[in-house]
Amino acid sequence: MRELSTEHPINSIGSYLKEKTGGKVVKLSIDGGFTCPNRDGSKGTGGCIFCSAAGSGDLASDIPSQIRLLSDKWPKASYIAYFQSHTNTYAPVERLRRQYSESLAHPGVIGLAIATRPDCLSEEILDLLQEFNQRTFLWVELGLQTIHEDTAVLINRCYSLSVYDKAVSDLHSRGIRVVTHLIFGLPGESRKQMLESVRYVCRDLPQESDRAASLTRHIFGIKLHMLNLVKGSQMATLYPNYVPFASIEEYVDLVVDALEIIPPDITIHRMSGDAPRPTLIAPEWSYKKRTILNSIHKSLRDKKTWQGARL
Ligand code: SF4
């Protein structure tokens, strides 16, 4: 990994993968047709209050058509099959094995990213993930959103922080990369609380097994989402006028503070929201992803700072 500095301020997953593979790597968003235990009643009903009915997979479509579209822009790209919609370990093992294998069979697909809930990682599923971790480049994404239990109850997450901790430990000890999602701007959370969540998930992890020792001392990656109020979510009914951040500047300032306390070996997978414009209610500027990212980079330059600078 390149040392971070004002010249190269962020360890982005894009540059990490480029360094690793020597070329452009693009994620393909997959809807594997799974549901979520927080929707079907086994853990909860209605889902997390910010989640749209598509389960964060509003942008998903099938693999060949995504590759066709993307290859016009990046003819030599390779791909990570990203199981994004709902809970992608919430199905019988044989079905999961088949679907993961099918996605890897497409030419150019070099790895898997699997988004799930920490309470959907039984021993059987962990064994399966370990099998794929040996076969391909894999990471598992856990939607934690916050470490604060009051907020977790308010957003109807339906599992506690200790469940996340166990999942991270189980995955890490098997040598499986973990990417943690946090959401900035959840109702009732202060800036201090949001940064506490960042600090917590970026803590050192035990290196108890050889497999864990083959990874970095930390989670592999982090996704910083800005809360988006979207149509079809419970939030749109419960908090119809909620605006998580008053301006792009306020959000950018928070992200820069967060980056400064994220260890440089943690890859940054996201720094903004990603709601399709037709479903977005607030912040109304949230769809301007390029503007937000450019503003974050400008702020890092202006402040002469970088990821991990305050550690
Ligand atoms: S955010 Fe994830 S866990 Fe929560 S309801 Fe949506 S798919 Fe389920």
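Atoms within a ligand are numbered from 1 in the order they appear, just like the ligands themselves.
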With a cut-off of 4.0 Å, which atoms of ligand 1 are near a heavy atom of [X]?
X      : answer
Cys36  : 3 (S), 5 (S), 7 (S), 8 (Fe)
Arg117 : 3 (S)
Gly47  : 5 (S)

> Taking 2.8 Å as the cut-off, does an N/O/S atom of Cys48 lie below it from atom 4 (Fe) of ligand 1?
Replying inline: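 It does; at least one qualifying atom falls short of 2.8 Å.
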
Quiz question: by atom type and distance under 3.5 Å, do the side chains of [X] and [Y] form a donor-acceptor pair?
X     : Y     : value
Asn38 : Tyr90 : no
Asp40 : Thr35 : no
Gln84 : Ser29 : yes

> Hey, is Arg203 close enough to Asp165 for a salt bridge, meaning N to O under 4.0 Å?
Replying inline: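 Yes.
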
